[in-house]
Enquirer: 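The structure's right below; bear with me while I get my questions together.
Numbers for residues simply follow the sequence, beginning at 1.
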Amino acid sequence: MSGGAAGPGCLERNDWICGEYLRTRSQELLDATVQHLGITAVSVLIGLLVAFPLALVARRWRSAAGPVLGLTTVLYTVPSLAMFALLTPVFGVSAAVVVTGLVLYSLTILVRNILAGLQAVPAEVREAARGMGYGPARMLYEVELPLALPALVAGLRIATVSTVAMTTIGSVVGYGGLGNLIASGMEGFFKAEVLTASVLCVLLALLADLLLMGLQRLLTPWTRAQTGVRARVRRGARAAKAVA
């Protein structure tokens with residue numbers, strides 16, 4: 001007697017984990033991931049380009065620091081749906097609506113971290129640079145920015161991870177990357193679509209954070225040297241205590 005017909009596949013059963021979904025919808029997943037990455041990268045890059053001069057203004061004129069930081073904080077508190085509704089008449093239903101909203105949301109993180117990094121540069125370092133004939137521009141790019149890089153990249157990491165997550169909100173205008181799949185999956189209770197898109201979104205955030213962490217280590221080799229020195233000092237202190 002021949003075996004019975006195969007049972008329903010994971011798509012028919014509407015399983016959360018479904019290899020058949022990955023196989024049959026691979027192009028759809030790839031397109032959504034590429035759109036997600038593109039919107040995230042453009043938003044963070046523009047946010048950084050806008051945040052840098054704002055941080056310089058806040059540092060240069062103390063009277064401007066309060067308004068600049070206050071404005072970026074207020075923008076961050078605007079609900080995303082309201083933000084997109086306000087931007088749609090200007091940009092239409094397009095990716096520009098999502099990018100502009102994400103740029104505005106990223107400013108509160110980026111401006112504060114850039115400003116904190118620049119303000120943390122020791123005054124004696126600036127004085128030494130002035131004594132060596134450094135002008136304001138040269139001091140900024142050759143002295144202050146390298147020393148502010150740890151704080152800057154830390155802010156960039158937070159902004160990037162949050163932007164990866166917030167890009168999904170763009171599904172309300174059809175430009176949410178993986179958020180489009182999450183929204184359509186929730187609407188039809190398509191478990192595999194919801195879970196797969198959500199996992200991909202988390203993986204993108206983790207990958208971006210790891211890449212930026214590696215970039216920070218590459219651009220600030222002196223921090224690794226300082227960590228090594230502190231570790232040797234601690235080992236020496238423990239050895240001396242043990243001998244005593």
Side-chain angles (χ1 to χ4, degrees), residues 37-76 96 98-167 204-231 233:
L37 284 172
I39 291 174
T40 298
V42 171
S43 300
V44 173
L45 179 59
I46 296 176
L48 187 60
L49 293 176
V50 174
F52 186 67
L54 287 177
L56 292 181
V57 168
R59 188 191 64 156
R60 176 66 179 82
W61 293 284
R62 292 189 177 182
S63 59
V68 168
L69 296 177
L71 177 60
T72 57
T73 301
V74 169
L75 289 173
Y76 193 78
V98 183
V99 170
T100 304
L102 294 175
V103 167
L104 295 176
Y105 285 133
S106 70
L107 292 180
T108 186
I109 300 170
L110 293 173
V111 171
R112 289 178 183 275
N113 277 70
I114 295 172
L115 182 60
L118 292 174
Q119 290 177 336
V121 176
E124 57 269 22
V125 172
R126 294 194 180 94
E127 289 300 324
R130 291 192 189 98
M132 296 172 64
Y134 281 59
R138 187 183 177 192
M139 183 184 300
L140 174 64
Y141 289 104
E142 296 186 16
V143 177
E144 294 177 315
L145 267 184
L147 294 177
L149 269 178
L152 191 157
V153 177
L156 188 60
R157 288 172 59 189
I158 297 172
T160 301
V161 170
S162 64
T163 300
V164 169
M166 294 181 67
T167 296
L204 287 181
L206 292 175
L207 179 60
D209 190 50
L210 288 174
L211 289 175
L212 288 172
M213 186 187 303
L215 179 64
Q216 178 178 352
R217 290 176 61 84
L218 181 66
L219 295 177
T220 57
W222 61 86
T223 59
R224 298 197 300 274
Q226 291 173 352
T227 301
V229 169
R230 286 195 293 267
V233 170

Enquirer: Do you know the tightest heavy-atom contact between Val44 and Ala159?
Expert: CG2-O, 4.5 Å
Enquirer: What's the spacing between Leu207 CG and Leu211 CG if we round to 0.5 Å?
Expert: 4.5 Å
Enquirer: How many angstroms lie between atom CZ of Phe52 and atom CG of Leu140, to the nearest 0.5 angstrom?
Expert: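 Phe52 CZ to Leu140 CG: 4.5 Å, rounded to 0.5 Å.
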Enquirer: The criterion is side-chain contact (heavy atoms from CB on, under 4.5 Å); which residues satisfy it with Leu215, sequence neighbours excluded?
Expert: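 Result, side-chain contact (heavy atoms from CB on, under 4.5 Å) vs Leu215: Leu212, Leu219.
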Enquirer: Which residue pairs satisfy the side chain to side chain donor-acceptor pair (under 3.5 Å) criterion with at least one member in residues 40-49, sequence neighbours excluded?
Expert: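 Qualifying pairs: Thr40-Thr167.
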Enquirer: For the atom pair CD (Glu127) and CE (Met132), what is the distance rounded to the nearest 0.5 Å?
Expert: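 Reported to 0.5 Å precision, the distance equals 13.5 Å.
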Enquirer: Enumerate the residue pairs fulfilling side chain to side chain donor-acceptor pair (under 3.5 Å) with a member in residues 143-154, sequence neighbours excluded, ordered by first and then second residue.
Expert: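 Matches after skipping sequence neighbours: Arg59-Glu144, Arg126-Glu144.
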Enquirer: Run the side chain to side chain contact (heavy atoms under 4.5 Å, CB included) test on Trp61 and Val57 for me, step by step, so that the C-alpha distance in whole Å, both residues' side-chain angles and the decisive distance to 0.1 Å come before the verdict.
Expert: CA-CA 6 Å; Trp61 293 284; Val57 168; 3.9 Å; yes
Enquirer: side-chain hydrogen bond (donor to acceptor under 3.5 Å, both in side chains) with Glu124: which residues, sequence neighbours excluded?
Expert: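 side-chain hydrogen bond (donor to acceptor under 3.5 Å, both in side chains) check on Glu124 returns nothing, list empty.
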Enquirer: Looking at every non-hydrogen atom in both residues, tell me the closest pair between Val161 and Ala205 and how far apart they are.
Expert: CG2-O, 3.9 Å
Enquirer: Calculate, to the nearest 0.5 Å, the distance between atoms CE and CD belonging to Met213 and Gln216 respectively.
Expert: 8.0 Å
Enquirer: For residues Ala58 and Ala65, report the shortest heavy-atom separation together with the two atoms involved.
Expert: O-CB, 3.6 Å
Enquirer: If you look at every heavy atom in Leu107 and Gly47, which pair is closest and at what distance?
Expert: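 The answer is CD2-O, 3.6 Å.
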Enquirer: Less than 3.5 Å apart, which donor and acceptor atoms pair up between the side chains of residues 145-158 and the rest of the protein, not counting sequence neighbours?
Expert:
| from | atom 1 | to | atom 2 | distance (Å) |
| --- | --- | --- | --- | --- |
| Arg157 | NE | Asp209 | OD1 | 2.8 |
| Arg157 | NH2 | Asp209 | OD1 | 3.4 |
| Arg157 | NH2 | Asp209 | OD2 | 3.2 |

Enquirer: Find the distance between CG (Leu54) and CD1 (Ile114) and round it off to the nearest 0.5 Å.
Expert: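 Reported value, rounded in 0.5 Å steps: 9.0 Å.
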Enquirer: For Leu115 versus Ala55, what's the shortest heavy-atom pair and its separation?
Expert: CD1-O, 3.7 Å
Enquirer: Got a sec, which pairs hit side chain to side chain donor-acceptor pair (under 3.5 Å) with one end in residues 100-120, sequence neighbours left out?
Expert: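 Side chain to side chain donor-acceptor pair (under 3.5 Å) check on residues 100-120 returns Thr73-Arg112.
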Enquirer: At what distance, to the nearest 0.5 angstrom, does OG1 of Thr163 lie from CG of Leu45?
Expert: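 Reported to 0.5 Å precision, the distance equals 11.5 Å.
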Enquirer: Give me the atom names and distance for the closest heavy-atom approach of Ala51 to Leu110.
Expert: CB-CB, 3.6 Å
